[in-house]
**Q** 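Quick one: structure below, then a few questions.
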There are 2 protein chains.
Amino acid sequence: MTPRPRATYSMIAKEAGVSEATVSRVLNGDSRVDGDRAKSVLDVVERLGYRKHRAATALASGRTNLIAVVIDNDLSIFSDPFWGTVTSGISRVLMENELQTLLLVTSVSSIDGPVAHYLQAGEVDGAIFFQLHKDALVRKLAKTGLPIVIAGSPHAATDFVFVDTDNFGGGHAATKHLVNRGCKKVAIITGDIETVAGHQRLDGYHQAYRELGRVPAKALTAYGDYSYESGKREMARLLADQSDIDGVFACNDLMALGAIAAIEERGLTVPNDVAVIGFDDSVVAQTSRPGLTSVRQDIVALGEAAAELMIAQLRNEPVEPRILPTQLVIRASA
Amino acid sequence: MTPRPRATYSMIAKEAGVSEATVSRVLNGDSRVDGDRAKSVLDVVERLGYRKHRAATALASGRTNLIAVVIDNDLSIFSDPFWGTVTSGISRVLMENELQTLLLVTSVSSIDGPVAHYLQAGEVDGAIFFQLHKDALVRKLAKTGLPIVIAGSPHAATDFVFVDTDNFGGGHAATKHLVNRGCKKVAIITGDIETVAGHQRLDGYHQAYRELGRVPAKALTAYGDYSYESGKREMARLLADQSDIDGVFACNDLMALGAIAAIEERGLTVPNDVAVIGFDDSVVAQTSRPGLTSVRQDIVALGEAAAELMIAQLRNEPVEPRILPTQLVIRASA
DNA sequence: AAACCTTGTGAAATCGGTTTCACGTTCACG
DNA sequence: CGTGAACGTGAAACCGATTTCACAAGGTTT
């Protein structure tokens, strides 16, 4: 029951009758070791239930097997299930590849904060960032050669490796669906337009109009901030302005629910008077009444893709940004 | 711009004109070092922007400064914002205390899996587990002396350190509130009754009845599983059985919404015919219509408390389990 | 048959801290 | 004053792996 003392190379070497160097070679897949010796080393390793000591390995090799997942807690971390879900996907894939997930929840804003130092100090082999407004820090880190993946699109002019949902396609599909079901005047309530994701959804909306040979009136675009309240407020404003709006694409589910509330408060019904589509297909979309039609994004897959891109970078394999498809989930609201 | 080579003890020692041992003493708060020398060491440290090398420190000292957060992905990780929120609280507090959060999303079920080995191998200084059904693994780890904290109550007969929401008090307050607003026949839809949390909420319900000098009929207890569907199904069943139920406490918000759906499908209204209370005060409670009265638990605080208990253990300070209060948030549904 | 590669191997240095140990110094006390 | 305790200090061992380097053995080229 007493936990036997940790096995070390020196014990293995002695048991197997070889040198520590050979043990290291075997365990790191150096092909030059004689077959029989390799086998006997592996036997001893097996018998002793040996596992490498992380710190020792890191110190000697310079590789930590740690990947940082950096989450800016300036954002609405505390209520949004998004990041937790992505992170679980990341963690699973990393673990399958013998990498560990180091979670850094912190204010990323400062380019010179403790996180910055930490990441530069070679304490991790790579870092996965969630979408952020300021990418100065990321850019600086990239210069040091630290492998980086961004979950969510970075700002336009960079060449970071990133994974993202197809926001454009989602916005396009949502708008198209509204048009196809007969809506004549489709409005949009955007999310934070400062973020790339927010902008891309709007672009998708525009594109759908363009394909009809039309251009959406400026007045049909309302600017929300992803909150329930903003959805409600903007919808009320839209309807007060143009009572003949018969469809609305809200850039997330919460705003969609807010919009529905505003519509019903005006005595109109969903979807008969105004059809509503949200984005995310979160739990609120599934449980709201009427059920909310929404653009589903596969958040776990997003995390997994991020991890895969990180691993590819560590292996010096070529990497391409990855855009994951969305799927329109049709419920009662549109 | 070239990242200057990492500073080391030997550089600091030379610069400050002392030995490496003294540098170590200064940096680890050994009080015996002469004041002036200490100062000069600190000056050099400052000037060089020195930071300790984690792996080296871990190797030499046997302490890793890493705390594992172990999440069982057998659970409904992927949609539940709960764990992500707790984890962010944990991470913040740990970071403030110079500890890092190592995230392990994995199947904890096996007592002999890779995680088990990992945790036993001294790779982390402590582990925080989320509530789990089987605590065999945790018990085994505890025997090795690894500091452990459980987020959520462990099974009854153990003496693990844990933090939890006051499930009993929450269930009690919810039931009491229904009674106080005039409900004569209050039902409950439980969550997974196998979990301690699930059971405690039910106990709170019972206690409220007891204080009225009554015992709730067996038929008023319906067993759900925290899903929207189970809430809807059980509520329908309850009403089919006993149409005079006028209040229901659902053990989470999702089931509460399901219950509301069932109630309205029957042609009844909330809260006039049946008042409904949920648990969690999650985003769905805030955005549903009618607004859902719910028992709020402070999830971030839960994580922070977990981290604090871990830190106390690492310092060998005495630790007591911590039960965090709940708060009834009253909206339209009850 | 001399000169030159391979290939497989172990001794030893190395990574960057921590900790033990032994050696002065200084100080208090008898 | 002599003596033991307390204090500061640096040399060196140590943590557990990786990696360099030297070398022996066997195989190829001229």
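Labels below follow one simple rule: chain letters A, B, ... track the order of the sequence lines, proteins then strands, and each chain is numbered from 1.
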**Q** When you match B/Ser19 and B/Ala56 each to their closest nucleotide on DNA chain D, which lands nearer the 5' end?
**A** B/Ser19

**Q** Short question: side chain of A/Asp166, backbone of A/Leu324 - any donor-acceptor pair under 3.5 Å?
**A**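 Flag not set: sc A/Asp166 to bb A/Leu324 has no pair under 3.5 Å.
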
**Q** Would one find a side-chain N or O of B/Thr57 under 4.0 angstrom from OP1 or OP2 of C/dG17?
**A**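 No, because none of the side-chain N or O atoms of B/Thr57 sits under 4.0 Å from OP1 or OP2 of C/dG17.
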
**Q** Salt bridge or not between B/Arg51 and A/Glu123? Use side-chain N to carboxylate O under 4.0 Å.
**A** no

**Q** To the nearest angstrom, how far is B/Tyr9 atom OH from D/dG10 atom C1'?
**A**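 From B/Tyr9 OH to D/dG10 C1': 15 Å.
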
**Q** For the pair made of CZ in B/Arg63 and P in D/dC14, what is the distance, rounded to whole Å?
**A** 20 Å

**Q** So which nucleotide from C/dT9, D/dT19, D/dT9 ends up closest to the side chain of B/Arg25?
**A** D/dT9

**Q** Roughly, in whole Å, what's the span from CG in B/Asp30 to C1' in D/dG10?
**A**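 My rounded result for the distance is 14 Å.
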
**Q** Taking the nucleotide of DNA chain D with the closest heavy atom to each, which residue, B/Ser31 or A/Val23, is nearer the 5' end?
**A**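 Mapping each residue to its closest nucleotide by heavy atoms, the 5'-most match is B/Ser31.
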
**Q** Are the charged groups of A/Lys39 and A/Asp43 less than 4.0 angstrom apart, N to O?
**A**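 Looking at A/Asp43 together with A/Lys39, the answer is yes, because their closest N to O distance falls below 4.0 Å.
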
**Q** So which nucleotide from D/dG16, C/dT18, D/dG10 ends up closest to the side chain of B/Ala60?
**A** C/dT18

**Q** Taking NE2 from B/His53 and C1' from D/dA17, how many angstroms apart are they, rounded to a whole number?
**A**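 Going from NE2 in B/His53 over to C1' in D/dA17 covers 12 Å.
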
**Q** Would you say B/Thr22 reaches D/dG10's phosphate, i.e. side-chain N/O to OP1/OP2 under 4.0 Å?
**A**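 So the side chain of B/Thr22 is within the cut-off, an N or O lying under 4.0 Å from OP1 or OP2 of D/dG10.
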
**Q** Could you give the CG-to-C1' distance, from B/Asp36 to D/dT9, as a whole number of Å?
**A** 15 Å

**Q** Can you tell if the side chain of B/Glu98 reaches within under 4.5 Å of the side chain of B/Asn65, non-hydrogen atoms only?
**A**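 In short, these two side chains do not touch, never coming nearer than 4.5 Å.
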
**Q** Starting at CD of B/Glu20 and ending at P of C/dT18, how long is that distance when rounded to a whole Å?
**A**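 Answer to the nearest Å: 11 Å.
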
**Q** What's the closest nucleotide to the side chain of A/Tyr50 if the choices are D/dG16, C/dG16, D/dA11?
**A**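 Out of D/dG16, C/dG16, D/dA11, the nucleotide with an atom closest to A/Tyr50's side chain is D/dG16.
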
**Q** It should be established whether A/Arg37 places a side-chain nitrogen or oxygen under 4.0 Å from OP1 or OP2 of nucleotide C/dT7.
**A**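 Indeed not, no polar side-chain atom of A/Arg37 lies that close.
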
**Q** Side chains of B/Phe130 and B/Asp72, heavy atoms from C-beta outward: is any pair under 4.5 Å?
**A**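 When only atoms from C-beta onward are counted, B/Asp72 and B/Phe130 do not touch, as no gap falls below 4.5 Å.
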
**Q** Using whole Å, what does the distance between atom P of nucleotide C/dA13 and atom CG of A/Leu59 come to?
**A** 17 Å

**Q** What's the closest nucleotide to the B/Thr8 side chain, out of C/dG10, D/dG8, C/dG16?
**A** C/dG16

**Q** I need the CZ-P distance between A/Arg32 and D/dG26, as an integer number of Å.
**A** 19 Å

